[in-house]
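Start at 1 with the first residue, then count along the sequence.
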Amino acid sequence: MTDSASTGAASTRRYDDILVVTIDHPPVNALSAAVRGDLARVIREAQADPQVRAVLLMGAGKNFIAGADIREFGKPPQAPILPEVCNQIEASAKPVVAVLHGAALGGGLEIAMAAHYRVALEGAKLGLPEVNLGLLPGAGGTQRAPRLMGAQASLDLMLTGKHLSARAALEAGLVDTLSSDADPLDAGLAYTRQLLAVGAGPRRSRDAGALADKTVALAQVEAAAERVAATTRGLYSPAKIVEAVRAAIEQPFDEGLRTERALFLQCLDSPQRAGLIHAFFAERDTAKMPGQPARPRRLERLGIVGGGTMGAGIAVAALDAGFPVTMVEQDDAALERGRARVAQVYDLLLKKGRLTPQERESRLARFTGATDYGALDDADLIIEAVFEDMAVKQAVFAQLDRVAKPGAVLATNTSYLDVDHIAAATRGPADVLGLHFFSPANIMKLLEVVVGEHTAADTVATGFELARRLRKIPVRAGVCDGFIGNRILAVHRQAADMMMEDGASPYEIDAAVRAFGYPMGPYQMADLAGGDIGWATRKRRAPTRDPAQRYVQIPDRLCERGWFGQKTGRGFYLYPDGARQGEQDPEVLAIIAAERARARVTPRSFTPEDIQRRYLAAMINEAANVLLQGIAQRPSDIDVVFLAGYGFPRHRGGPMHYADSVGLDRVLADIRGYAQEDPAFWKPSPLLVQLAESGRNFASLNQTA
Ligand code: 3H9
């Protein structure tokens, strides 16, 4: 080591004749304008410095570089732009080496591909995840990756956005060597010295030969184009990625770069990019609380009451995260069923090759079953997942109150019921909260953390900590019937039911909702979830239902026949012989026609756009009420609930972001128009009115601290 100089976002230090450039831009070394400027300068200076024979690029801290600075997208671009910096690195007359550690993603991997040599440390994650943000690798990645690893592997990387391990990247030809050194500096210096010792000069990815067989590469592009058209449901950037790779094959390198840039700018301008990037930040903001955060309580052992679908799913999620879990059921037979449900999940994973027999064994070894609540006396957090009935839940909480150790957190997995009433069955409501998991609980990312009137701040913090450990996305919710998600769902589902009675078939409604981007429509969803659950809720709510509100009885007619959906072979759709894909059912249409006649409705037709606008307007309006009442902390939290829990199309950013994108004045005008027909249902939310009339949007209410 000889001298040192700091240039801010990228500092330099010379080790003999190697200039080490450390990108230092916390938290993840994203390539902000300052980083790009510094990088361009140090590369330029290295060319002129006779004491420098090679340049080594590394990141400060855990990561190499997590990509372009996502916060800059949508703002005016600042020079130097990343493609230029990459070209400058590649053009260096002195060899440039990148040492990849932690995240080397997006623009970070593009910098590495522009470098002349790459060494990866164990644990490095390499990827081109731009597709998840509605973009394509726009700093030469679509041109350099195919030249390094071929069209097929590059398309796979760019279209899935997946991360490659260091070893997989080596096998794919993306990196030159691996290092078992834990320190990127040591690993990078050792490799660079080896290269210098053998006289290695610049070796440019633009000249790499993995696209030599153009016929094969073009066939791979054609196949990818077909796959994308068939599977990406209206997404914009995947087709552009395929086009860019086609250019890599058909065009000379510099022309390919220009094509890539044009395609990248098209993606950058698309509303999908704005929606996906909103979703990225919204998911990271949910855990941010105003004020001083409380510390979570001790969280080592979990208890679960109830071994049904939810209880077993939660048990699997907890076992997967390394927790010891004790499940309590009311008798041996029920406990055995609970245990079998847990084992079944692991058996399936084993069969699919996603779990090794050892992993299965070690997870199941952490599972204990009991029929005595006393077995929960050492649990730090106990989650109740029993039948959705207030009396049953209160009885469970009274028992837990007796056995739980002091300071244990008691959680209910209720989807609708009043957490404060449940907490009232205990002597310590400060220890009680709702943890609303979504089914299948070991897969779905969303966790509503329901905060009751008396819930203590450290109880809430423990709920968030659990979510972090389970790798779930926690969203804070207040107490009301259905919390954030199910409360809003009940309203837009009612809007759908009203359209159904007014003339749209459930199949038309489902198709319109799918065309908006949902993976399935509300009636397919109801059939999947089981109509009996909604029916029980409707019966529970019947005594308090406002008689002035319209009530569509069609779903009840189906439930009365025992048509609960997939599990009974029919619901809104027919599922012959256990089929998962439903068929339209003429008998359902006849029942709907009879109900229309009974309700004296003259059916009218709805276009797919009519259906979408009403469905979304109902959702947005109720979401505004949820915000106004403080049930959700911020609009973007509602977006996350719908993205992570209800299949809202991610590229539209969630209902609040979507409302902002079409304009709140338009949404309000729609609602006022519908109110002409049915003022009892379509009551504009005061918050929506206030925002729309003052020219503001939901985003203006997003706060993270
Ligand atoms: C791109 O590169 C385009 C180019 O091809 C072409 C350009 C011309 N920028 O996730 P975490 C923040 S597109 C700005 O909680 P982890 C994040 O918001 C980019 N900020 O940590 C959070 O902030 P806060 C392609 C970023 O350890 C904090 O960092 N790259 C960026 O669980 C910690 O993040 C990607 O898509 C960014 N690029 O995971 C990679 N990345 O603390 C996106 C993160 O204020 N990033 N932040 O909430 C990731 O996948 C994960 O963040 C990562 C770390 C795996 C890196």
Side-chain angles (χ1 to χ4, degrees), residues 296-343 363-414 417 419 421-437 441-442 447 449-450 452 454-456 458-467 469-470:
R297 296 184 188 176
R298 182 190 139 106
L299 190 54
E300 277 164 32
R301 306 190 69 84
L302 291 195
I304 294 175
V305 183
T309 311
M310 280 317 287
I314 297 168
V316 171
L319 294 169
D320 286 352
F323 284 104
V325 173
T326 303
M327 176 185 278
V328 168
E329 255 295 358
Q330 50 192 350
D331 54 43
D332 287 335
L335 181 61
E336 229 14 77
R337 284 195 297 275
R339 192 195 297 274
R341 283 193 186 98
V342 171
R363 284 172 209 204
L364 287 174
R366 287 196 294 274
F367 179 87
T368 316
T371 52
D372 172 6
Y373 276 77
L376 298 174
D377 63 358
D378 64 347
D380 301 308
L381 187 152
I382 306 170
I383 303 169
E384 160 281 309
V386 303
F387 188 64
E388 189 77 347
D389 177 277
M390 181 56 81
V392 177
K393 301 231 183 225
Q394 284 191 322
V396 169
F397 272 75
Q399 292 264 27
L400 293 179
D401 193 42
R402 275 191 284 280
V403 300
K405 65 179 184 185
V409 170
L410 307 182
T412 169
N413 178 50
T414 180
L417 299 178
V419 172
H421 285 177
I422 296 174
T426 71
R427 287 163 298 170
D431 298 335
V432 179
L433 84 172
L435 288 178
H436 181 210
F437 289 80
N442 57 316
L447 181 66
V449 179
V450 186
H454 303 290
T455 310
D458 61 349
T459 304
V460 179
T462 312
F464 274 81
E465 175 63 12
L466 178 74
R469 304 258 292 270
L470 301 187

Checklist line | Spacing of Thr368 atom OG1 and Leu376 atom CG [to the nearest 0.5 Å] | finding: 10.0 Å
Check: Got a second to check how far Thr426's OG1 is from Gln394's CD, nearest 0.5 Å?
Finding: 10.0 Å
Check: Going from CD on Glu336 to CG on Asp331, what distance comes out if it is rounded to the nearest 0.5 angstrom?
Finding: 11.0 Å
Item checked: Nearest atoms (heavy-atom pairs only) where Ala315 meets Met327 -> CB-CE, 4.2 Å
Notebook entry, point to check: How about Thr462 and Leu466: do any of their side-chain heavy atoms sit closer than 4.5 Å?
Noted result: no
Next item on the list: Side-chain contact test, heavy atoms from C-beta onward, threshold under 4.5 Å: evaluate it for Lys393 versus Glu384 and give yes or no.
Entry: yes
Checklist line | N/O donor-acceptor pair under 3.5 Å between Asp458 side chain and Ala461 backbone | finding: no
Next item on the list: Can you measure from OG1 (Thr309) to CZ (Arg341) and round to the nearest 0.5 angstrom?
Entry: 5.0 Å
Notebook entry, point to check: Per the salt bridge (charged side-chain N to carboxylate O under 4.0 Å, His left out) rule, which among Arg297, Lys405, Arg469, Arg301 passes with Asp380?
Noted result: Lys405
Margin query: Is it the case that the side chain of Glu329 and the backbone of Gly307 share a donor-acceptor pair, with hydrogens and angles ignored and the cut-off at 3.5 Å?
Written below: yes
Item checked: Value rounded to 0.5 Å, distance of OG1 in Thr326 from CG in Asp372 -> 11.5 Å
Note to self: Using side-chain heavy atoms (C-beta onward) and a distance below 4.5 Å, is Leu381 in contact with Leu435?
What the structure shows: yes
Next item on the list: Would you mind telling me which of Ile304, Leu364, Val325 makes a side-chain contact (heavy atoms from CB on, under 4.5 Å) with Val342?
Entry: Leu364
Notebook entry, point to check: Between Ile314 and Ala385, which heavy-atom pair has the shortest distance, and what is it?
Noted result: CD1-CB, 4.4 Å
Notebook entry, point to check: Is a side-chain N or O of Thr455 found less than 3.5 angstrom from the main chain of Val432, in a donor-acceptor match?
Noted result: yes
Check: Which pair of heavy atoms, one from Leu433 and one from Val450, lies closest together, and at what distance?
Finding: CB-O, 3.4 Å
Next item on the list: Have a look at Val386 and tell me which of Val305, Asn413, Thr414, Thr412 forms a side-chain contact (heavy atoms from CB on, under 4.5 Å) with it.
Entry: Val305
Note to self: Rounded at 0.5 Å granularity, tell me how far CG in Asp431 sits from NE2 in His454.
What the structure shows: 12.5 Å
Checklist line | Taking every non-hydrogen atom, the tightest pair across Ala441 and Gly313 | finding: CB-C, 3.6 Å
Margin query: Looking at every non-hydrogen atom in both residues, tell me the closest pair between Arg366 and Phe323 and how far apart they are.
Written below: NE-O, 3.5 Å
Check: Looking at Tyr373 and Val403, what are the two nearest heavy atoms and their distance?
Finding: O-CG2, 3.5 Å
